[in-house]
Asks: 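Sending over a structure as C-alpha cells; questions will come in a sec.
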Amino acid sequence: MSPHQPTSRPAAGAPGVPWNRQRLRSNNEWLLLELLRTGGGTSRAQLARDTGLSKPTVSAALADLEQAGLVREAGWVSPERGRTAVLYEVDPTAGHVLGVDIGRARLRVAVADLAGTVVARRDVANRGRTADAVADAVVAAAREATAEAGLGAADIVHAVIGTPGVWDEERRGVRYATSLPGWGRPGLFDRIGEGLGTAVTVANDANLAALGEYTLGAGRGSRMFAYLLVGTGLGLGVVKDGELLLGAHGALGEIGLVPLPALAGGRPGVEGAVGGPGAVGGPGGTTLEQEAAADAVVRAAREFGLEGPGGRQLTAKRVFELARAGDAAALRAVHREAERLAYAVAVLSAVLDPDLLVLGGGIGSSADLLLEPLEQALGRFSLMHPTLAPSLLGAEAVLLGAVSTALETARPEVFERRTARL
C-alpha cells in the first residue's frame with residue numbers, strides 16, 4: 001500500500017463482511033477521519049458535500065469521533081454568506097508510533113504522533129560489540145525517546161525497525177545482514193519487541209528508505225522509482241506506482257549479493273574496462289557490496305596511497321572530504337566507487353527499467369562527487385539510463401520510512417480501539 005494513500009478498511013457488504021448498521025456507522029466515521037487526515041481542518045457542511053452523506057449523519061459521526069478522542073475542533077470559519085461554522089481536524093495525539101533505523105555505525109529512533117510529526121528522537125553511535133548489545137542499545141534509545149515525549153510503552157501503538165537483511169518470519173530472524181555480525185540470530189528481534197513492550201514489524205532498511213523518499217523526498221510522482229542505499233552495505237528499494245516491490249521471498253533489492261565476475265582476469269576497473277587498471281579478482285569474483293560499500297572506498301584510497309590523518313583510522317567519510325579538497329588519491333578512489341556503482345545501476349536498469357534512481361545512504365550523501373562520474377561510467381556500461389538524483393532526505397530516509405510504515409498499521413488500529421469503546 002502506498003504510504004501516502006488513505007488506509008482502507010473492509011466496506012460493509014464486501015465479501016466476508018456482513019452488513020449491519022454498526023458496520024455502516026463505523027465505515028462512515030472512518031471515511032470522515034481519513035478525509036480530515038488528508039485534507040486538514042474542514043467544516044461539517046464541507047464534509048457532507050465531499051462524502052455525499054447527509055448533514056445529520058456527518059454531525060453524528062463527528063460527535064462520536066470527538067468523544068473517542070480521534071477528532072477535535074480546529075477553529076472557526078466565517079464565510080461571506082451563511083453562518084459561522086466549526087472546523088474539525090484529526091487529533092494527532094490519539095496514538096503514537098516508533099520508527100527505528102539500525103545501522104552498523106549509528107542507531108536512530110523517532111517517536112511520532114498520528115500526523116507523522118516527530119515528537120522525540122535519539123541518534124547515537126552504535127557501539128555494541130555483540131548482537132545482544134546492539135539490541136539492548138536500541139531498546140534503551142527507544143525508551144529514552146518515549147520518555148522524552150512524555151509517553152509510556154503502552155502509548156506506542158506500533159514500532160517498525162529498519163535493518164540490513166531480509167526478515168524471515170518462520171525463523172524469526174533476518175537473513176543476509178552481513179554488515180552486522182550475529183544479527184541474523186533467530187529470536188533477536190523478539191528480544192527487542194519484548195524490551196519495547198509493543199508490537200514490532202521488521203523491514204529492510206533500503207525498502208524503508210525507498211518508501212520515505214517516495215513519500216517525502218525525491219521519488220514523489222515517479223512511476224518506477226529505485227533507491228540505491230550505499231553505506232556500510234549496499235541495498236536497493238523499488239517502488240512501482242506507489243507500491244513497494246518485495247519479490248517472492250522478500251529479497252528483491254539485495255543487489256549487494258550480486259557477484260562481480262572475474263572476466264579477462266579482473267572486474268570493472270577504474271577506467272571502466274573489465275580487467276582494466278585497478279582490476280583484481282579471482283575465479284569467483286566478489287560481490288557488489290564488497291566492492292562498492294564504505295570499506296571498499298577506504299581500501300581503494302589506501303591502494304592509491306592515502307593514509308589516515310595523523311595515523312588515525314581512515315574512513316570513507318574522510319576520503320570524500322579529501323576528494324572535495326582536491327586530493328588526487330581520494331579523487332581516484334571516488335571515481336573507482338562511481339565505476340562500481342555504475343555496474344550496479346546497469347544491472348538494475350536492465351532488469352527493472354526505473355524512470356528514476358535516487359542515490360542515498362552514507363556514501364550516497366556524497367552525490368555531489370559521485371553523480372557526474374557515475375553518469376559517465378553508466379554511459380560505457382549500459383544503453384539504459386534512468387534519471388539519477390541525490391536523496392532529499394539524506395540520513396533520515398530509513399527512519400522516516402519506518403515512521404510512515406508504522407503509521408499505516410497504527411491509524412486503523414487506533415480507530416478500532418477507540419471506537420470500540422463507544
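Predicted model, so just to flag it, every value in this text is computed and none were measured. Values below: all heavy atoms of this structure, side chains included; hydrogens, waters and symmetry mates excluded.
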Asks: For the CZ atom on Arg299, are there more than 12 heavy atoms of other groups (residues, nucleotides or ligands in this structure) within a distance under 6.0 Å?
Replies: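 Enclosed.
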Asks: Atom NE2 of His96 and atom CG of Asp113: how far apart are they, to the nearest 0.5 Å?
Replies: 5.0 Å
Asks: When you compare the side chains of Gln290 and Asp295, does any donor N or O come within less than 3.5 Å of an acceptor on the partner?
Replies: no
Asks: So, Ser349 side chain and Val345 main chain: donor-acceptor pair closer than 3.5 Å or not?
Replies: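 Looks like yes, one N/O pair under 3.5 Å.
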Asks: Distance check, rounded to the nearest 0.5 Å: Leu32 atom CG versus Asn27 atom CG?
Replies: 11.0 Å
Asks: Can you tell me if Thr315 uses its side chain to pair, donor with acceptor, with the backbone of Arg318 under 3.5 Å?
Replies: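 Here the side-chain-to-backbone pair exists.
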Asks: Checking Ser391 against Glu213: is there a side-chain donor and acceptor pair closer than 3.5 Å?
Replies: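 Side-chain D/A pair, Glu213 to Ser391: present.
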Asks: Grab the two heavy atoms, one from Gly219 and one from Leu356, that are nearest each other, plus how far apart they are.
Replies: CA-CD2, 4.0 Å
Asks: Among Leu107, Val398, Asp205, whose side-chain contact (heavy atoms from CB on, under 4.5 Å) with Ile102 holds?
Replies: Leu107
Asks: Could you measure the distance from the OH atom of Tyr214 to the OG atom of Ser222? Nearest 0.5 Å is fine.
Replies: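 It is 7.5 Å, given to the nearest 0.5 Å.
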Asks: By the definition side-chain contact (heavy atoms from CB on, under 4.5 Å), identify the one residue from Leu229, Leu288, Val351 that meets it with Ile255.
Replies: Leu288
Asks: Run the side-chain contact (heavy atoms from CB on, under 4.5 Å) test on Phe381 and Glu339 for me, step by step, so that the C-alpha distance in whole Å, both residues' side-chain angles and the decisive distance to 0.1 Å come before the verdict.
Replies: CA-CA 9 Å; Phe381 285 141; Glu339 295 281 349; 3.7 Å; yes
Asks: How long is the span from the CG atom in Leu180 to the CG atom in Asn126, to the nearest 0.5 Å?
Replies: 7.0 Å
Asks: Does the Asp91 side chain pair with the main chain of Arg72, one donor and one acceptor, at a distance under 3.5 Å?
Replies: no
Asks: Could you check whether any side-chain N or O of Arg172 sits under 3.5 Å from a backbone N or O of Phe189, counting only pairs where one atom can act as donor and the other as acceptor?
Replies: no
Asks: If you draw a 6.0 Å radius around CD in Glu73, do more than 12 non-hydrogen atoms from other residues or ligands fall strictly inside?
Replies: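 Counting other residues, nucleotides and ligands, CD of Glu73 exceeds 12 neighbours.
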Asks: Indicate yes or no: does Glu375 engage Arg380 in a salt bridge with an N to O separation below 4.0 Å.
Replies: no
Asks: Would Glu148 and Arg122 count as a salt bridge (Lys or Arg N to Asp or Glu O under 4.0 Å) here? Give the steps.
Replies: CA-CA 10 Å; Glu148 180 185 316; Arg122 284 290 184 275; 2.4 Å; yes
Asks: In Å and rounded to the nearest 0.5 Å, what is the CG to CG distance from Asn28 to Leu62?
Replies: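 Going from the CG atom of Asn28 to the CG atom of Leu62 covers 11.0 Å.
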Asks: With a 3.5 Å distance limit and no angle check, can you tell me whether Glu289 reaches the backbone of Leu234 through a side-chain donor-acceptor pair?
Replies: yes
Asks: Starting from the C-alpha separation in whole Å, work towards a yes-or-no answer on side-chain contact (heavy atoms from CB on, under 4.5 Å) for Val258 and Thr287.
Replies: CA-CA 5 Å; Val258 173; Thr287 66; over 6 Å; no
Asks: Check Thr405, Leu216, Thr215, Asp101 against Leu400 for a side-chain contact (heavy atoms from CB on, under 4.5 Å) and give me the one that passes.
Replies: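 Exactly one candidate clears the test, Leu216.
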Asks: Between Arg223 and Asp355, is there a salt bridge with N-O shorter than 4.0 Å?
Replies: no
Asks: Is a donor on one side and an acceptor on the other found under 3.5 Å between the side chain of Thr51 and the backbone of Arg49?
Replies: no
Asks: How many angstroms lie between atom OG1 of Thr57 and atom CG of Leu47, to the nearest 0.5 angstrom?
Replies: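 Taking OG1 in Thr57 and CG in Leu47, the distance rounds to 12.5 Å.
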Asks: Looking at Tyr176 versus Trp183, is the centre-to-centre ring distance below 6.0 Å?
Replies: no
Asks: Start with the C-alpha gap between Ser26 and Phe415, add the side-chain angles, then the distance that decides, and say whether side-chain contact (heavy atoms from CB on, under 4.5 Å) holds.
Replies: CA-CA 9 Å; Ser26 178; Phe415 174 81; 3.6 Å; yes
